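This is a predicted model, so every value here is computed, not measured.
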Amino acid sequence: MTNETDPTVNQAIDGVWNSHQGLATDQVISVLHEAVKAVGGHLEEDEYTRIGAAIADGTYKG
């Protein structure tokens with residue numbers, strides 16, 4: 001879960017939240033992968049899916 005995630009990964013997720021909420025889930029997941037990778041982080045695939053879907057729906061709570 002994100003509360004156990006490196007703070008730089010949380011910042012990357014927050015950045016995607018701020019710029020991509022409301023977009024299609026697959027687009028958000030793709031951007032999320034790139035954002036987390038850019039800061040040297042990693043999430044399990046199910047976390048990318050869960051977080052990406054929540055961002056797309058506008059329901060993500062970090």
Spacing of K61 atom NZ and I55 atom CD1 [to the nearest 0.5 Å]: 12.5 Å

Only pairs under 3.5 Å count here: list side-chain donor-acceptor contacts from residues 15-32, not counting sequence neighbours, and write none if there are none.
from, atom 1, to, atom 2, distance (Å)
N18, ND2, D14, O, 3.2
S19, OG, G15, O, 2.9
Q21, NE2, W17, O, 3.3
Q27, OE1, A24, N, 3.3

Taking ring-ring contact (aromatic ring centres under 6.0 Å, His included) as the definition, give me every residue that meets it alongside H33, ordered by chain and number, with sequence neighbours left out. Y48

Is there a donor-acceptor contact under 3.5 Å linking the side chains of T8 and D6? yes

Nearest 0.5 angstrom please: R50 CZ to E44 CD, how far? 12.0 Å

Looking at every heavy atom in both A35 and A12, which two are closest together, and how far apart are they? O-CB, 3.7 Å

